[in-house]
Amino acid sequence: MRRQIIVIGVGRFGSAVAMELERLGHEVLAIDRSERAIEAIADYVTHAVTADVTDQETLRELGAQDFDAAVVAIGTDERSSIMATVLLKKLGVKFVLAKAQNQLHGDILSMVGADRVVYPERETGVRVAHSLTMPLAKDYFDVGPGYGLAKVIVDARLAGKTLEELDLRGRFSVTPLFLRRGDQVTMNPHRDERLRLGDELTVAGRDEQLEQLLQM
């Protein structure tokens with residue numbers, strides 16, 4: 001379903017969110033104080049405007065109250081991100097996701113009404129740390145304390161074997177969730193699926209079990 005979403009602050013994080021939302025088919029309004037930032041993203045989103053998001057009347061004139069959701073992705077100006085979050089909720093935006101710089105900033109955003117707070121730098125740091133202990137993993141996603149998802153690139157050691165032959169559940173207690181082959185993605189691949197060189201296999205499990213698999 002096509003949704004209308006505001007993205008406030010289009011630095012590296014905000015612009016990536018805005019462009020991906022547009023790619024997914026949603027209507028995106030990008031807002032930033034910087035004319036240069038707006039010029040850089042204008043061709044990639046539905047609408048892009050230069051505006052002060054700490055002014056309630058400005059947000060009202062832009063129709064913020066009619067949008068389904070908002071992403072507050074303001075960089076280092078914590079006051080502006082807090083104000084924007086407050087005003088968006090006051091105008092009736094149902095779901096506001098806000099980017100936090102640190103724990104205190106995140107706590108304040110939650111207190112003033114943010115429906116979800118994200119910590120991109122922290123999350124990236126976690127993924128980088130795990131990538132050092134899982135050198136064969138293309139990517140890692142934290143899903144809870146001690147648990148994660150790892151995306152494994154099938155190399156010569158795995159290619160040609162079926163999932164049953166590898167017995168990932170029995171040997172490592174990890175569960176294959178997705179198999180990507182080119183543009184084709186298979187959910188819960190069958191145990192008879194024979195892996196090919198270059199396939200991407202996403203597996204889930206405890207961190208230590210994922211590490212054992214990826215150090216195999």
Side-chain angles (χ1 to χ4, degrees), residues 1-131 139-144 148-149 151:
M1 182 177 68
R2 183 176 173 86
R3 305 183 71 197
Q4 294 181 309
I5 303 173
I6 301 174
V7 178
I8 295 177
V10 286
R12 284 178 295 183
F13 174 73
S15 60
V17 171
M19 289 189 289
E20 183 65 10
L21 286 169
E22 186 78 23
R23 189 189 70 80
L24 292 171
H26 301 294
E27 180 179 334
V28 178
L29 168 61
I31 307 175
D32 200 290
R33 283 182 176 176
S34 167
E35 291 185 8
R36 179 178 295 181
I38 289 301
E39 288 173 359
I41 200 171
D43 293 338
Y44 302 97
V45 296
T46 315
H47 307 286
V49 298
T50 305
D52 178 8
V53 295
T54 63
D55 182 76
Q56 182 172 342
E57 192 56 36
T58 297
L59 288 174
R60 191 189 304 277
E61 290 175 359
L62 290 172
Q65 63 276 8
D66 299 322
F67 279 71
D68 300 304
V71 177
V72 180
I74 296 173
T76 57
D77 188 348
E78 295 183 5
R79 177 184 175 279
S80 292
S81 81
I82 293 167
M83 281 294 297
T85 301
V86 170
L87 294 177
L88 289 167
K89 295 305 293 185
K90 189 173 181 180
L91 287 169
V93 178
K94 293 180 180 179
F95 185 86
V96 176
L97 181 150
K99 169 188 173 183
Q101 300 298 318
N102 51 59
Q103 188 63 52
L104 177 59
H105 184 203
D107 290 344
I108 294 172
L109 288 168
S110 296
M111 289 171 61
V112 299
D115 298 283
R116 182 182 173 192
V117 177
V118 296
Y119 301 82
E121 287 81 5
R122 178 192 297 175
E123 292 164 9
T124 299
V126 169
R127 291 167 69 179
V128 168
H130 281 279
S131 72
D139 211 343
Y140 171 88
F141 303 91
D142 178 49
V143 296
L149 304 179
K151 185 182 293 183

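The OG atom of S80 sits 7.0 Å away from atom CG of D52, with the distance rounded to the nearest 0.5 Å. One finds the CE atom of M111 at 13.0 Å from the OG1 atom of T85 (value rounded to the nearest 0.5 Å). The distance from atom CG of D55 to atom CE of M83, rounded to the nearest 0.5 Å, is 8.5 Å. Atoms CD1 and CG, on I8 and L29 in that order, are 8.0 Å from each other to the nearest 0.5 Å. Within the model, atoms CD1 of I74 and CD1 of I31 stand 9.5 Å from one another, a figure rounded to the nearest 0.5 Å. The structure places CZ of R60 at 10.5 Å from CG of D66, a figure rounded to the nearest 0.5 Å.
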Margin query: Show, in sequence, the C-alpha distance, side-chain angles and deciding distance for D68 and K94, and conclude whether the salt bridge (Lys or Arg N to Asp or Glu O under 4.0 Å) test is met.
Written below: CA-CA 6 Å; D68 300 304; K94 293 180 180 179; over 6 Å; no
Notebook entry, point to check: Where do E78 and L104 land on the side-chain contact (heavy atoms from CB on, under 4.5 Å) test, with the steps shown first?
Noted result: CA-CA 10 Å; E78 295 183 5; L104 177 59; over 6 Å; no
Next item on the list: Just do the side-chain contact (heavy atoms from CB on, under 4.5 Å) check on L97 and V118 with the steps written out, would you?
Entry: CA-CA 7 Å; L97 181 150; V118 296; 3.8 Å; yes
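Pairing each heavy atom of Y140 with each of G148, the nearest pair is OH-CA, 3.6 Å. Counting all heavy atoms, side chain and backbone alike, V28 lies closest to A18 at CG2-O, 3.8 Å. Minimum interatomic distance between L109 and A98 (heavy atoms only, all atoms of both residues): CD1-CB, 3.8 Å. Of all the heavy atoms in A70 and V93, the pair that sits closest is N-CG1, 4.0 Å. Of all non-hydrogen atoms in Y119 and D107, the two that sit nearest each other are OH-N, 4.3 Å. The minimum heavy-atom distance between A48 and A42, with the atom names listed, is CB-CA, 3.9 Å.
By the 4.5 Å heavy-atom criterion applied to side chains, L59 and V53 are counted as neighbours. K99 has its side chain within reach of P120: a pair of non-hydrogen atoms, C-beta onward, lies under 4.5 Å apart.
The neighbour count for Y44 OH, taken as heavy atoms of other residues, nucleotides or ligands under 6.0 Å away, does not exceed 12. In this structure, K90 places its NZ atom where only 12 or fewer heavy-atom neighbours from other residues, nucleotides or ligands lie under 6.0 Å away. Annotation: E57, atom CD; neighbour count of heavy atoms from other residues, nucleotides and ligands within 6.0 Å is above 12. Residue R36 qualifies as open at atom CZ: its count of foreign heavy atoms under 6.0 Å is 12 or below.
Of the candidates D32, V17, V71, V10 forms a side chain to side chain contact (heavy atoms under 4.5 Å, CB included) with just one, namely D32.
In this structure, the side chain of E22 engages the main chain of T46 through a donor-acceptor pair within 3.5 Å. Within the 3.5 Å criterion, the main-chain N or O of G25 finds a donor-acceptor partner in the side chain of R2. For H105 (side chain) and A100 (main-chain N/O), no donor-acceptor pair under 3.5 Å exists by modelled atom type.
A salt bridge links K89 with D115: the closest approach of a Lys/Arg side-chain nitrogen to an acidic carboxylate oxygen falls below 4.0 angstrom.
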